[in-house]
Structure formats: C-alpha cells, structure tokens
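Reading through the structure tokens given below for one structure.
Scope of the values below: all heavy atoms of this structure, side chains included, with no hydrogens, waters or symmetry mates. The shown structure was predicted, so the numbers you read here are calculated from the model rather than taken from an experiment. Numbering starts at 1 and runs along the sequence shown.
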Amino acid sequence: MTNNDIYNNRPTEPFEAVEELVKELGLPEGFYAELLDEDDWSFIIKLHALMEAAVTGLIVAALGQKELHNLISRLALSNYTTGKMAFVKALSLLEPDYMSFIVTLSQIRNEFVHDVSNVGMSLKEYIAQSNKLDSVTKAFCFGKDKVEFDKRKLDNKEYMREDPKEVIWTTAAVCLGVIYVKKLNKTDIWKLKETRQRMYGRLEGVMRLVGIETDAETFIAQHKEANTAETDKGESEQS
C-alpha cells in the first residue's frame, strides 16, 4: 500500500461521504436525505445518533483498536472530560469548529430528550425561546460570517431564523463528511503500520538465518546511512 493508495477513491463531496458513512453503518439508503422530512424533534435525535456513531468510528480508527468500539460507543458524546470529545481533543482528531458543532448539537438533543414538553417544539421556537440565535448560528456555521446556502446570500442568522433545520442539515453533512474521511485515513495509517510490521518480521527471520543479530528497523536505518555515505563519497570524488 502506498501513500497514493490512502487518498485514492476518497469521497470528495460532503453528501457523497455521508452516503458512504450511512452505508457503512448499515442504515437504509437515503437515510440522510430523509432526515429533512422528519419533525424537528426526530430530526435532532436521529442526526445526533448519526453524529455519535461517526465520532465513535473516528476514535476507534485513530486508536487502531476495534475491540474498544463498544466501550467508546457508550461514552457521552459532548463531555470534554470523560466522553468522546475528551478523546477527540486529546488525539487532535477534529478542528475546534467541528467540535463546537458537535457539542452544540448534543446540547440541543439533550434539552429535547430530557424535557418531554420539548417533543412538539420546533427548532425555530427553541432558538427564539432560548435566545441563543447568535451562539447557535456561530456553532452550526463553523464560526464563519457568511455561508452561501442559496443564491440569495443572506446573513447566516437570517437563514437560521428562516429554516434552522435546513442550515443544520447542510452543515452537518460537511462535519460528517470530514469525520468520515479522517476515519478512513486513520484506518489506512494503521494498515500501513501493520504491513510494515509484517515486512519487518519477515526481514528479521531472514536476518536470523544469516546470523545478523539486530532488529529490522535498525538494520534498515544503518543500510540507508551506509548508502548515503557512499553516495556522498562518489559525488565528492567526481567533483
């Protein structure tokens, strides 16, 4: 496997990446598109569940320990001390804007879930009632002043007032796409490491047969050093 192999055939558009993620998680085709048809309460709950699964996959891929999946999946998503965000931050897996998006989504989800009176509440009502338009808009637009959601090119807060579900759904696709591509890259890094370890193991087996008492990594480093010295000597003689 080469470095080019790592980046070949990667989804480049957010929605394409999200569809790959949905497929990998075993969810029905069109799951993400159909979120827009849900009422706001169901939309937040399902989107949060998808985000949580995506973050779990990223952490497990970064650790290279599939057996930790069940343990990681049970951690709270937005807790920076003992939850998934603690791992994301410690391992530098996501940029702060994406982490802020996830934490804000998680906060809304928790308020919707833990207060039964919010079952029928719309996102428009939630934003107005909570007086959180500025902070929510900033989080769901990755801190950017202007995101062109359509040809009107309105202010982000105007888009959020008009159709918060559309804004969150659109920018969530970007966040999920980034998470999924990072997860793929982390997985391939571990595959490269495993391939290298297998190669070193075979090399050390041959080295033992011919009486070379050192590890493969040291042997390769010494070989490179000798080649470099020989090349430098040849270039010096030519000059």
So, Ser42 versus Asp39: side-chain donor-acceptor pair below 3.5 Å or not?
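Side-chain D/A pair, Ser42 to Asp39: present.
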
Quick one about Ser106 and His48 (side-chain donor to acceptor, distance below 3.5 Å, no hydrogens or angles considered), yes or no?
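The criterion, which ignores hydrogens and geometry beyond distance, is satisfied for Ser106 and His48.
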
Looking only at atom types and distance, does a side-chain atom of [X] sit under 3.5 Å from a main-chain N or O of [Y], one as donor and one as acceptor?
X      : Y      : result
Ser73  : Asn70  : yes
Gln129 : Tyr126 : no
Asn156 : Val147 : yes

Count the heavy atoms belonging to other residues, nucleotides or ligands that lie under 6.0 Å from [atom1] of [X], then report whether that count exceeds 12.
X      : atom1 : answer
Asn131 : CG    : no
Lys138 : NZ    : no
Glu29  : CD    : no
Phe149 : CZ    : yes

Any [X] side-chain heavy atom under 4.5 Å of [Y] side chain:
X     : Y     : value
Thr56 : Leu77 : no
Val55 : Ile72 : no
Leu68 : Leu71 : yes
Glu19 : Phe31 : no

Rounded to the nearest 0.5 Å, what separates atom [atom1] in [X] from atom [atom2] in [Y]?
X      : Y      : atom1 : atom2 : value
Lys165 : Asp37  : NZ    : CG    : 7.5 Å
Met85  : Ser100 : CE    : OG    : 10.5 Å
Asp155 : Thr137 : CG    : OG1   : 8.0 Å
Leu176 : Leu47  : CG    : CG    : 6.5 Å
Met160 : Leu154 : CE    : CG    : 13.0 Å
Ile168 : Leu35  : CD1   : CG    : 11.5 Å

Show the numbers, then the answer: is there a side-chain contact (heavy atoms from CB on, under 4.5 Å) between Val167 and Cys141?
CA-CA 8 Å; Val167 171; Cys141 295; 4.2 Å; yes

For side-chain contact (heavy atoms from CB on, under 4.5 Å), just list the numbers for Glu166 and Leu36, CA-CA rounded to whole Å, side-chain angles, deciding distance to a tenth of an Å, and then say yes or no.
CA-CA 7 Å; Glu166 176 75 32; Leu36 280 177; 4.0 Å; yes

Go through it in stages, so that I can follow the logic: the residues are Glu111 and Lys132, the test is salt bridge (charged side-chain N to carboxylate O under 4.0 Å, His left out), and I'd like the CA-CA distance, side-chain angles, deciding distance and then a yes or no.
CA-CA 13 Å; Glu111 290 189 44; Lys132 293 179 179 178; 3.1 Å; yes

Nearest non-hydrogen partners of [X] and [Y], listed with the distance:
X      : Y      : answer
Cys175 : Phe101 : SG-CD2, 4.1 Å
Leu75  : Phe87  : CD1-CE1, 3.5 Å
Phe112 : Asp40  : CE2-O, 4.1 Å
Met121 : Glu125 : CA-OE1, 3.4 Å
Val22  : Pro28  : CG1-O, 3.6 Å
Ala173 : Val18  : O-CG2, 3.5 Å

Report the C-alpha distance between Arg161 and Lys124 in whole Å, list the side-chain angles of each, state the deciding distance to 0.1 Å, and finish with yes or no for side-chain contact (heavy atoms from CB on, under 4.5 Å).
CA-CA 6 Å; Arg161 285 195 195 96; Lys124 286 183 180 180; over 6 Å; no

Go through Asn185 and Tyr180 one step at a time and tell me if the side-chain contact (heavy atoms from CB on, under 4.5 Å) criterion holds.
CA-CA 9 Å; Asn185 291 338; Tyr180 184 63; over 6 Å; no

Apply salt bridge (charged side-chain N to carboxylate O under 4.0 Å, His left out) to Glu158 and Lys153, showing your working.
CA-CA 10 Å; Glu158 289 301 317; Lys153 300 181 181 180; over 6 Å; no

Ion pair check, [X] and [Y], cut-off under 4.0 Å:
X      : Y      : value
Glu52  : Arg109 : no
Glu162 : Lys157 : no
Lys46  : Glu34  : no

Can you list the steps and then say if Glu24 with Lys183 is a salt bridge (charged side-chain N to carboxylate O under 4.0 Å, His left out)?
CA-CA 12 Å; Glu24 185 176 292; Lys183 179 251 184 187; 2.5 Å; yes

Any pair counted as salt bridge (charged side-chain N to carboxylate O under 4.0 Å, His left out), so long as it reaches residues 70-79, sequence neighbours left out:
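Matches after skipping sequence neighbours: none remain.
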
The residue among Val174, Leu93, Thr171, Ile179 that forms side-chain contact (heavy atoms from CB on, under 4.5 Å) with Tyr98 is Val174

Of Phe140, Phe43, Tyr32, which meets ring-ring contact (aromatic ring centres under 6.0 Å, His included) against Trp169?
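Answer after filtering Phe140, Phe43, Tyr32: Tyr32.
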
